[in-house]
2 protein chains.
Amino acid sequence: MPNTASPQQSGIGAVRVYPDKTPVYYQGDAATRIFRVNSGVIMTFRLLEDSRRQITGFCTEGEFFGLSPDGEHMDGAVTVTSAGVQSVSISALETDADLRAQLLDHSWRKVEDAQNLMMTLTKSSSEARVAAFLVMLAERRKRRGAKQDENAIEVRLPMSRLDIADYLGLSRETVSRRLNDLQGLGLIALPDTHTANITEIDGLRRKAGTVVTG
Amino acid sequence: MPNTASPQQSGIGAVRVYPDKTPVYYQGDAATRIFRVNSGVIMTFRLLEDSRRQITGFCTEGEFFGLSPDGEHMDGAVTVTSAGVQSVSISALETDADLRAQLLDHSWRKVEDAQNLMMTLTKSSSEARVAAFLVMLAERRKRRGAKQDENAIEVRLPMSRLDIADYLGLSRETVSRRLNDLQGLGLIALPDTHTANITEIDGLRRKAGTVVTG
DNA sequence: CGAAAGCTTGACGAGCTTCAACTCCTGTGG
DNA sequence: CCACAGGAGTTGAAGCTCGTCAAGCTTTCG
C-alpha cells in the first residue's frame with residue numbers, strides 16, 4: 001500500500017485519490033485504518049453468500065467510513081465517482097481525543113441514518129422509497145451550501161440504477177419505473193440518466209412520507 | 001423524577017426499575033441522559049406521522065440505548081418486560097474517558113446491527129426473517145452464558161406478535177403464519193405464545209440465510 | 001463503428017398485505 | 001362462580017405490489 005507523506009491536520013493522515021469504481025477496501029479485510037471522504041462519492045455495501053448486495057450508504061464530503069468494532073471490515077467500499085480519501089491509522093484514536101469525539105458524534109449519526117433507512121425499507125412503497133432517495137440527495141446538496149432556486153434543484157445520480165436499487169431494496173426495473181412515474185407526475189425531470197431536476201420538492205416530500213436524512 | 005443515590009461504577013449513575021410496557025422516554029424528548037439495560041428487555045422504536053412504527057431494536061442486559069447526536073431523541077423507548085435501567089447524564093461524557101470508549105465501541109456495533117437488520121429486511125423472505133429473528137434471540141441467550149443442550153434451546157418471546165412484525169417489517173398475520181410453518185417443519189415448538197423451543201438450530205440458520213447478530 | 005453494458009418497457013406470477021371472522025386467554029363485575 | 005368484554009393470536013380469502021423473465025433500446029468506450 002503506497003501511502004504518501006501525511007499532512008497532519010487534526011489527526012488525519014495519508015491522503016489519496018481514487019478513480020471511479022475503484023475499491024477502497026474489501027469486506028473481510030483487516031480494519032487498520034479509518035477513512036474520510038475529501039471529495040467525490042463513496043459507497044459502502046455488504047454482500048451475502050449468494051452474491052446479493054445491500055448498499056449501506058453513499059458517503060460524500062466530510063463523512064467517515066470504514067469504522068469497524070472487531071478489527072475486520074463488515075462492509076466493502078468502492079468509489080462511485082473519482083474521490084479523494086483521507087485515512088488515519090486506527091491506533092491514532094488512542095492519542096487523538098479530538099478525533100475520538102468527532103467519531104463518536106459521527107457514529108451516532110450513522111445509527112440514526114441506518115434507522116431512517118430501515119424505516120424507508122420496511123414501511124414504504126417503491127414510489128415513496130425512490131422519492132425519499134431523491135429528497136435525501138437534494139438535502140445533501142443544500143447542506144453543502146449549493147444555494148439555488150427551490151423550484152429547480154439539479155441532483156446528480158452518479159451511481160447506476162442497480163446501485164440505487166440495492167440501496168432501496170428494490171429491483172432495477174422498479175427504480176426505473178418509479179423514476180419515470182415521478183417524471184410523469186411532473187415532480188422531476190430526467191434530462192439524462194444521471195441527472196434529475198427536482199421541480200416540486202414539496203410534492204416529492206409528500207410522496208416520500210418520511211425523509212431519509214442519510 | 002425520583003432518582004435513587006448513585007452507585008459510582010464506571011461513570012454509571014442513577015438506577016431505576018420500570019414495570020413492563022412502560023415508557024422510558026418519548027421520541028422528540030430532550031436527550032439529556034444515556035441509558036443502559038441492567039435487566040429485562042427494552043425496545044426502541046420510531047413513529048411516522050401516520051402512526052406506523054419501526055422497532056429499531058430489542059435491548060437486553062448490558063446494552064446502551066438513548067444515544068442521540070442532536071440533543072433530541074429520534075426514537076422512543078419502552079420496557080417490554082419489567083426492567084432495570086441505569087442512566088447517566090450526557091455531560092458525564094466530558095469527564096469519563098472510559099465511558100466514552102465503551103460508547104464508541106457500542107455505537108459501531110449498533111451500526112453493524114442496523115446494517116444486518118437492513119439485509120434481513122430487504123433481501124429475505126418472510127420465512128427467513130422470522131427464522132433470523134429466532135436465531136438472533138438464541139444467540140443472545142447463548143452469549144449470556146445460558147449453557148444448554150444445543151438441541152432444545154428455549155427462547156422467550158415477551159413481545160407481542162405485532163412488535164415482532166414491526167421489527168421485521170411484516171404484518172402480524174404473516175409472523176403468525178411463518179411461526180406456525182416453522183413449527184410444522186419441526187424446527188421449533190411453540191408450547192405457548194411467548195415461548196419457542198428451538199429443536200433444530202441448524203435448520204433454522206439455513207432458513208435464515210444471513211444471521212442477524214443484533 | 002461496433003460490441004458490451006446499462007437502461008427501459010411489457011407481461012406474468014409469487015408473496016405479502018389487507019380485510020374479516022373466529023378462537024383463546026385474561027381480567028372484571030354481577 | 002360464572003358471564004362477558006376486550007385484547008391478542010390464528011386462520012382463510014381476495015387483491016395488489018413488486019420481482020422475475022424477456023425483449024428492445026440507448027449509452028459508453030475501445
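Letters A, B, ... are given to chains in the order of the sequence lines, protein chains preceding strands, and every chain is numbered from 1. Please read these numbers as outputs of a predicted model, since none were measured by experiment.
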Quiz item: Does the pair A/Y25 and A/T32 meet the rule for a side-chain contact (heavy atoms from CB on, under 4.5 Å), with working shown?
Solution: CA-CA 11 Å; A/Y25 59 81; A/T32 57; over 6 Å; no

Quiz item: Given C/dT18, is OP1 or OP2 found less than 4.0 Å from the side-chain N or O atoms of B/R172?
Solution: no

Quiz prompt | Whole-Å distance separating the CD1 atom of B/I164 from the P atom of D/dG9 | solution = 8 Å

Quiz item: Picking from D/dG19, D/dC18, C/dC16, which would you name as closest to the side chain of A/S171?
Solution: D/dG19

Exercise. Kindly say whether, by distance alone, the side chain of B/E127 makes a donor-acceptor pair under 3.5 Å with the base of C/dC16?
Key: no

Exercise. Tell me yes or no: between the side chains of B/R156 and B/T195, is some donor less than 3.5 Å from an acceptor?
Key: yes

Quiz item: How close do B/A131 and B/A208 get, heavy atom to heavy atom, and via which atoms?
Solution: CB-N, 3.9 Å

Self-check item: Separation of atom CG in B/D20 from atom P in C/dT26, rounded to whole Å
Solution: 14 Å

Quiz item: Does the salt bridge (charged side-chain N to carboxylate O under 4.0 Å, His left out) test come out yes or no for B/D181 and B/R177, once each step is laid out?
Solution: CA-CA 6 Å; B/D181 291 352; B/R177 282 185 243 270; over 6 Å; no

Practice problem: Whole angstrom is fine here: how far is it from CE in A/M159 over to C1' in C/dA5? | Solution: 18 Å

Self-check item: Nucleotide C/dC7, atom C1' - distance to CG of A/L157 in whole Å
Solution: 13 Å

Exercise. Between A/L170 and B/R161, name the one whose nearest nucleotide on DNA chain D is closer to the 5' end.
Key: B/R161

Quiz item: Counting side-chain heavy atoms from C-beta on, which of D/dG19, C/dT17, D/dT11 comes nearest to A/T174?
Solution: D/dG19

Quiz item: For the pair made of CG in A/L121 and P in D/dC18, what is the distance, rounded to whole Å?
Solution: 13 Å

Quiz item: C/dG10 base to A/R177 side chain: any donor-acceptor pair below 3.5 Å?
Solution: yes

Quiz prompt | Residue B/E173, side-chain heavy atoms: nucleotide from D/dT20, C/dT18, D/dC18 that is nearest | solution = C/dT18

Practice problem: Apply salt bridge (charged side-chain N to carboxylate O under 4.0 Å, His left out) to B/E63 and B/R109, showing your working. | Solution: CA-CA 10 Å; B/E63 288 187 76; B/R109 277 178 213 287; over 6 Å; no

Quiz prompt | Spacing of B/L168 atom CG relative to C/dT17 atom P, expressed in whole Å | solution = 10 Å

Quiz item: Any chance the side chains of A/Q54 and A/R46 put a donor and an acceptor closer than 3.5 Å?
Solution: no

Exercise. Could you check how far NZ of B/K21 sits from P of D/dG7, rounded to whole Å?
Key: 12 Å

Quiz item: What is the nucleic acid contact for B/R129, judged by heavy atoms within less than 4.0 Å: base, sugar-phosphate only, or nothing?
Solution: nothing

Report each atom pair, protein N/O against N/O of nucleotides 25-29 of chain D, whose distance is under 3.5 angstrom.
none

Quiz item: A/R161 side chain to A/T193 main-chain N or O, any donor-acceptor pair under 3.5 Å?
Solution: yes

Quiz item: Heavy atoms under 4.0 Å, any strand shown: does A/S160 hit a base, just sugar-phosphate, or nothing?
Solution: sugar-phosphate

Exercise. Give the rounded distance in Å between these two atoms: CG of A/L190 and P of C/dC7.
Key: 12 Å

